[in-house]
Enquirer: 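My questions will all concern the structure given below.
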Amino acid sequence: PKCAGGVIWFGVDDSSLSVRTPMYACTDKAPATWAYGNGDTWNYAKRASFWAFNVVANFAYSRWDLVGAEVQQRVVARETKLLEQVADMNNQVASSKASGAALAQQLSNFSITKADAVVDEWL
């Protein structure tokens with residue numbers, strides 16, 4: 001949708017072991033789990049995207065033969081579901097009679113909700 005301005009698929013840490021999460025360009029704030037100051041390489045925060053993906057990746061590195069393929073399968077499964085949800089959202093917005101600002105807010109809320117849900121699921 002034109003009001004969206006596009007979608008970036010953003011991930012943190014190791015790209016082969018992190019779920020890339022859709023963020024519409026019109027998103028007006030960072031999701032709480034991805035926000036600046038919510039955990040970094042020196043400060044652990046349980047509900048931070050960096051740490052959720054970093055902990056799983058580091059666990060998988062040391063036990064690759066046991067869990068590596070499973071983690072990658074879960075990444076693909078979650079991204080596939082997100083692709084479907086983005087397509088559904090795009091169709092909803094395309095058929096909506098709402099204003100551009102209302103649609104942009106809807107897309108922003110979608111991005112934030114999905115990003116937070118991915119981190120919560122990954123924990």
Side-chain angles (χ1 to χ4, degrees):
K2 189 173 184 177
C3 67
V7 179
I8 184 172
W9 290 80
F10 189 77
V12 295
D13 204 53
D14 183 328
S15 64
S16 68
L17 298 171
S18 297
V19 177
R20 265 87 53 206
T21 304
M23 304 240 188
Y24 284 96
C26 63
T27 301
D28 59 1
K29 66 179 180 177
T33 55
W34 299 70
Y36 179 78
N38 182 21
D40 57 44
T41 55
W42 304 111
N43 299 293
Y44 177 78
K46 181 178 179 183
R47 196 168 179 254
S49 59
F50 171 78
W51 282 106
F53 294 110
N54 186 274
V55 167
V56 171
N58 281 306
F59 178 78
Y61 296 149
S62 62
R63 295 156 187 84
W64 191 259
D65 58 326
L66 300 173
V67 299
E70 175 71 21
V71 174
Q72 287 182 320
Q73 288 171 358
R74 289 182 185 229
V75 167
V76 169
R78 189 64 177 107
E79 288 176 353
T80 300
K81 185 175 180 180
L82 287 167
L83 280 165
E84 293 167 0
Q85 292 170 332
V86 165
D88 290 345
M89 178 56 64
N90 289 345
N91 290 333
Q92 286 178 22
V93 169
S95 64
S96 177
K97 304 288 187 219
S99 70
L103 294 175
Q105 189 59 55
Q106 183 180 358
L107 293 169
S108 180
N109 291 342
F110 173 89
S111 298
I112 292 166
T113 301
K114 296 303 174 190
D116 285 341
V118 165
V119 172
D120 291 339
E121 178 183 316
W122 218 246
L123 297 173

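The chain is numbered in sequence order, starting from 1.
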Enquirer: Provide the closest heavy-atom pair for Val12 versus Ser49 in the form atom of the first, atom of the second, distance.
Expert: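 In terms of heavy atoms, the two residues are closest at CG2-O, 3.6 Å.
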Enquirer: Tell me whether Asn38 contacts the main-chain N or O of Arg47 through its side chain, where contact means a donor paired with an acceptor under 3.5 Å.
Expert: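 Answer holds: yes.
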Enquirer: Taking the side chain from Asp28 and the backbone from Ser108, do they hold a donor-acceptor pair closer than 3.5 Å?
Expert: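 No: the side chain of Asp28 does not pair with the backbone of Ser108.
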Enquirer: So do Thr21 and Val119 actually touch side chain to side chain, heavy atoms under 4.5 Å?
Expert: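 Val119 does not reach Thr21 side chain to side chain.
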Enquirer: Judged by atom type as modelled, is there a donor-acceptor pair below 3.5 Å linking the side chain of Ser18 to the main-chain atoms of Ser15?
Expert: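 No; judged by distance alone, with no hydrogens or angles, the pair does not exist.
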Enquirer: What do the steps show when you test Phe50 against Trp34 for ring-ring contact (aromatic ring centres under 6.0 Å, His included), and what is the final call?
Expert: CA-CA 8 Å; Phe50 171 78; Trp34 299 70; over 10 Å; no
Enquirer: Whether the Asn43 and Asp40 side chains hold a donor-acceptor pair (N or O, under 3.5 Å, no angle test) is what I'd like checked.
Expert: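 Yes, a side-chain donor-acceptor pair sits under 3.5 Å.
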Enquirer: Using a 3.5 Å distance criterion without hydrogens, assess whether the side chain of Thr27 forms a donor-acceptor pair with backbone atoms of Lys29.
Expert: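 Side chain of Thr27 to backbone of Lys29, a donor-acceptor pair under 3.5 Å: no, none is there.
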Enquirer: Between the main-chain N or O of Val76 and the side-chain N or O of Thr80, is there a donor-acceptor pair closer than 3.5 Å?
Expert: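 Looks like yes, one N/O pair under 3.5 Å.
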Enquirer: For residues Asn109 and Tyr24, is any side-chain donor paired with an opposing acceptor at under 3.5 Å?
Expert: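 Absent: no donor and acceptor within the cut-off.
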Enquirer: In this structure, are over 12 heavy atoms from other groups packed under 6.0 Å from Arg74 atom CZ?
Expert: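 At most 12 heavy atoms, drawn from other residues, nucleotides or ligands, come within 6.0 Å of this atom.
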Enquirer: Would you mind reporting whether Lys81 and Gln85 have side-chain heavy atoms less than 4.5 Å apart?
Expert: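 When only atoms from C-beta onward are counted, Lys81 and Gln85 do touch, with a gap below 4.5 Å.
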